[in-house]
Amino acid sequence: MPNKPIYLDHHATTPCDPRVVAAMQPYWGEDFGNPASASHAFGWRAEAAVENAREEIARAIGAEDPREIVFTSGATESDNLALQGVLRAHGSAGAHVITVASEHPAVLDTCRALAKQGASLTVLPVDAGGNVRVDALARAITRETLVVSVMAANGEIGTLAPLAEIAAVCAERGVILHSDAAQAVGKIPLDVGSLGLDLLSISGHKLYGPKGIGALYVRRRRRGGERIALAPLQYGGGQERGLRSGTLPAPLIVGFACALSLAVAEQPAESTRIAALRDRLLARLRDLAGGVELNGASSPRLAGNLNVAFTGASADAVIARLPDLALSTGSACSSAKPEPSHVLVALGLSPERVRSSLRIGLGRFTTAAEVDYAAERIAEEVRRQREERESGVAAASLRR
Ligand SMILES: *Cc1c(COP(=O)(O)O)cnc(C)c1O
């Protein structure tokens with residue numbers, strides 16, 4: 001048994017890359033200034049670091065202008081600023097919002113709150129592979145539709161949305177398109193310019209950066225449309241052009257930019273490496289355990305994601321019996337609640353299959369040896385549960 005658990009939960013969070021930790025170091029120490037202090041060198045140095053980071057982030061996602069990047073505390077806040085911000089600026093009464101059943105709670109629950117404030121809400125279903133149908137989305141758009149929110153990559157089943165097609169539909173109908181890309185940026189090629197996205201949420205800690213920092217991309221020049229009107233969620237010093245008051249955390253911003261640049265630069269090679277490990281893990285599980293079913297379409301899919309059902313086994317019991325592996329059954333945000341994953345339920349899977357489903361997230365520091373060890377341990381436990389079940393059934397039939 002390894003001396004610490006093997007981390008296979010990279011959708012919940014990722015470790016901060018040592019190169020990112022090193023980049024942040026000066027800003028925790030001597031370069032501690034407030035980026036908004038315009039009267040001295042401490043402030044100027046911090047401001048320069050923040051503005052360099054803003055440019056780096058804009059470049060990494062294909063934004064035209066660094067002013068399109070608004071720093072937030074993470075993807076949750078970015079989703080809230082995007083959706084609540086658009087509706088507050090426009091007025092929620094009568095406005096129509098469209099989203100999808102497999103979205104993260106940061107989007108779904110925000111939309112539900114907006115519906116309570118008078119907006120009308122359409123939550124579109126997903127197909128068996130986990131994607132929304134673009135024709136259904138196009139049909140759902142009405143004259144009142146203000147914003148559509150569709151995540152770029154699903155953190156539970158790894159499904160990638162057809163964003164270019166969705167963006168084309170939204171542009172044609174003059175609807176604002178927001179995408180929660182917390183699981184996508186740095187993991188797949190993503191260019192807001194060529195995709196034509198209007199609003200995009202990013203999180204630092206999902207891409208080997210620090211926790212507590214993220215960004216909302218807000219497009220300035222829209223195809224044939226007017227500027228996006230956004231109202232802030234909090235008031236104060238007027239930072240981020242009034243959209244997000246509060247002192248900017250320069251160390252986190254520097255780390256975020258460094259992590260994003262690294263992730264984008266290394267993405268093609270990393271995706272290939274991680275997908276090979278993921279395929280190896282699935283093949284081993286099939287060999288050693290059998291009765292393995294993949295949840296969500298096999299492609300296109302995030303390289304590091306496996307979400308698999310083991311017939312006749314309980315995923316919670318697998319997790320409880322294998323403390324040497326860090327695994328999960330779904331989103332960490334919902335794992336505090338004992339409810340089944342809303343994403344697997346949205347796929348239309350049976351309760352039995354949902355209970356037997358394990359989410360495995362491979363990442364930058366995952367090795368082939370770890371994958372092999374995990375496959376053996378999981379298969380061993382699944383076989384044990386199945387045998388126990390069968391002997392229970394046999395004992396019951398003997399008693400009959
Ligand atoms: C993790 C995650 C979030 C929340 O991001 P934070 O930065 O932790 O607030 C939102 N959406 C998706 C898709 C995520 O994976």
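Note that ligands are numbered from 1 as they come in the structure, with each ligand's atoms numbered from 1 the same way.
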If you count the atoms of ligand 1 from 1 in the order shown, which ones are under 4.0 Å from a heavy atom of [X]?
| X | value |
| --- | --- |
| Asp180 | 10 (C), 11 (N), 12 (C), 13 (C) |
| Met151 | 13 (C) |
| His205 | 6 (P), 7 (O), 8 (O) |
| Thr76 | 4 (C), 5 (O), 6 (P), 9 (O) |

For this output row, return yes or no: ring centroids of Phe32 and Tyr27 closer than 6.0 angstrom.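 Between Phe32 and Tyr27, the centre distance exceeds or equals 6.0 Å.
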Lys206, portion touching ligand 1 at heavy-atom distance under 4.0 Å: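 Contact part for Lys206 vs ligand 1: side chain (C-beta onward).
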May I ask whether Gly155 places a heavy atom under 4.0 Å from ligand 1?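 Heavy atoms of Gly155 never come under 4.0 Å of ligand 1.
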N or O pair under 3.5 Å between Ala182 and ligand 1: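 Min N/O separation from ligand 1 is not below 3.5 Å for Ala182.
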Do Gln183 and ligand 1 have an N or O pair less than 3.5 Å apart?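 It does: an N or O of Gln183 is found under 3.5 Å from an N or O of ligand 1.
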Has Thr72 got a side-chain atom pairing as donor or acceptor with Gly74's backbone, closer than 3.5 angstrom?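 Yes.
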Would you find a donor on one side and an acceptor on the other, under 3.5 Å apart, between the side chain of Arg301 and the backbone of Gly296?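 Between the backbone of Gly296 and the side chain of Arg301 there is a qualifying donor-acceptor contact (under 3.5 Å).
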Measure from atom 7 (O) of ligand 1 to every heavy atom in Ser203, Ala12, Ala181 and give the option owning the shortest one.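 Going through Ser203, Ala12, Ala181 one by one, Ser203 has the nearest heavy atom to atom 7 (O) of ligand 1.
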Under 3.5 Å side-chain donor-acceptor pair for [X] and [Y]:
| X | Y | value |
| --- | --- | --- |
| Thr110 | Asp79 | no |
| Ser201 | His178 | yes |
| Asn131 | Thr159 | no |

Under a 4.0 Å N-O cut-off, is there an ion pair linking Asp109 with Arg112?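 Salt bridge flag = yes for Arg112 with Asp109.
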